[in-house]
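Taking it in order: structure first as structure tokens, then the write-up.
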Amino acid sequence: MSEKLFSQQLLAWFDQHGRKNLPWQQPATPYRVWLSEVMLQQTQVSTVIPYFQRFVVRFPDIRSLAEASTDEVLQYWAGLGYYARGRNLHKAAVIMAQQHNAAIPENFDALLALPGIGRSTAGAIMALAFQHRYPILDGNVKRVLCRFTAEPDWPGQKNIETALWQLAESLLPERRINAYIQAQMDLGATVCTRSKPDCHCCPLQTNCLGRQTGKPEHYPVRKKKPALPERHCRWLIYRQSEKILLEKRPEKGIWGGMWSFPEINIDMPMDAILARHAVDDMIDLTPIRHTFTHFRLQIIPLLIDINQHDQIETNDNQQWVTITDSLSLALPAPVNKLIQKLNRGVT
DNA sequence: AAATCGGGGCA
DNA sequence: TGCCCAGATTT
């Protein structure tokens, strides 16, 4: 499809369904656009509205904001969260009072140089306040574009983000830039939502590749988490009659103080294990994987049946218990699972 | 419990 | 330049 069609469809939808009566849209002065855009970073419209109203009554312009103390500004921010935004807002007001005649600079680079204003917010101010042709790429727009193109990669990836900025720029209309930017945000907020997008109401539905996949909510695709480092260990499951040998783990480290099977380094050779005692049988059981926050542990259990005459040296941290008794001890989940399996005779 | 979000800050 | 964080909400 042509870039022109995209903006035409979006603008036609905006005329019918867009939001035109938000507090910062009447009037959409540069100061009010700036304030609202900063408040809207990481905070949704319905939350922002009452804060915005109170804020502009107390600080109606850049000068009054710049002359206030940071503490008072933060009082009016209290409850919005992300207080660095409030501090940066005040800092920027002071800078604008000193360097820009207490006005919002009508210049992209000058905006970008102010604290709390990045590329997207600078673009929003240029478009919404000054009707200049700049794109934005906030969370809503990113989602709309990722769906529209069925972007297969995570949009946080540098090259994808670069491509999305380029796409956003290429789609800009020649006229009505402020309505168009507002339309993008509105579509993302009300139709092309993160979950359960309302594709049937979407002006872009016929050309949307995400919708054609049948799973628009799959876009944007999530960041693939880095593979967790994997560690290995071996558990020795000594079994004699109906009893098993458990060992209290050290207080520090994983599963501190809980009861587990004697654990040995995975590198210990089998003959070294064998040398410890005469055994009836040694059976490798199915490995167990257990995932922690920072690594994955693969446990190789070795079932060792001991006959009556074998002697296993135990220490103070170890005890022979029946399976029934073991279940009343503090057992890590994988130990519990393993005991249940033994109980059922599964290997 | 995990993902999300725009900008700041740091190597 | 590329990565991670803050800090709160949403799913």
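To find a chain, count down the sequence lines: A is the first, B the second, and so on, and within it residues start at 1. This structure is a prediction, so every number in the text was calculated from the model and none was measured.
Side-chain contact check for Ser260(A) and Glu247(A): no donor-acceptor pair (N or O, by modelled atom type) lies under 3.5 Å. For the residue pair Asn88(A)/Arg85(A), the side-chain donor-acceptor check at 3.5 Å is not satisfied. In summary, the side chains of Gln298(A) and His290(A) do not present any donor paired with an acceptor at a separation below 3.5 Å, with no hydrogens or angles considered. Between the side chains of Asn178(A) and Gln182(A), not a single donor N or O lies within less than 3.5 Å of an accepting N or O. For the residue pair Asp61(A)/Ser64(A), the side-chain donor-acceptor check at 3.5 Å is satisfied.
For the segment residues 178-194 of chain A, the set of residues with a heavy atom within less than 4.0 Å of an atom of DNA chain B comprises Arg194(A), in numerical order. Within residues 88-95 of chain A, the residues that have a heavy atom under 4.0 Å from DNA chain B are, in order of number, Asn88(A).
Residues Lys158(A) and Gly81(A) both approach DNA chain C. Their nearest nucleotides, taken by heavy-atom distance, put Lys158(A) toward the 5′ side. DNA chain B is contacted by both Tyr82(A) and Leu112(A); Tyr82(A) maps to the nucleotide lying nearer its 5′ end (nearest heavy atom per residue).
Legend: residues meeting side chain to side chain donor-acceptor pair (under 3.5 Å) with Arg119(A), ordered by chain and number and at least two apart, are absent. Not counting sequence neighbours, Asp138(A) has no partner by the salt bridge (Lys or Arg N to Asp or Glu O under 4.0 Å) test.
Here the side chain of Gln44(A) is nearest to one of dG2(C), dA8(C), dT10(C), namely dT10(C).
Side chain of Arg147(A) to backbone of Leu209(A): no donor-acceptor contact under 3.5 angstrom is found.
At a threshold of 4.0 angstrom between heavy atoms, the contacts of Thr43(A) with the nucleic acid are absent. Within 4.0 Å (heavy atoms only), Gln42(A) reaches at least one base atom of the nucleic acid. Note on Ile117(A): only backbone sugar-phosphate atoms sit closer than 4.0 angstrom, heavy atoms only; bases stay farther off.
At least one side-chain heavy atom of Val45(A) sits under 4.5 Å from a side-chain heavy atom of Arg19(A).
On the nucleic acid side, DNA chain B has its first and last nucleotide under 4.0 Å of a heavy atom of chain A at dA3(B) to dG8(B), going 5' to 3'.
Rounded to an integer number of Å, the gap from Lys196(A) NZ to dT10(C) P is 15 Å. Going from atom CZ of Arg85(A) over to atom C1' of dT9(C) covers 12 Å, rounded to whole Å. Taking atom CD of Gln157(A) as the reference point, atom C1' of dT1(C) lies 16 Å away to the nearest angstrom.
Taking the centre of each ring, Phe148(A) and Tyr219(A) stay at or above the 6.0 Å mark.
Listed by first and then second residue, the ring pair (Phe, Tyr, Trp, His ring centres under 6.0 Å) pairs involving residues 37-69 of chain A are Trp24(A)-Phe52(A), Phe55(A)-Phe59(A), Phe59(A)-Tyr76(A) (not counting sequence neighbours).
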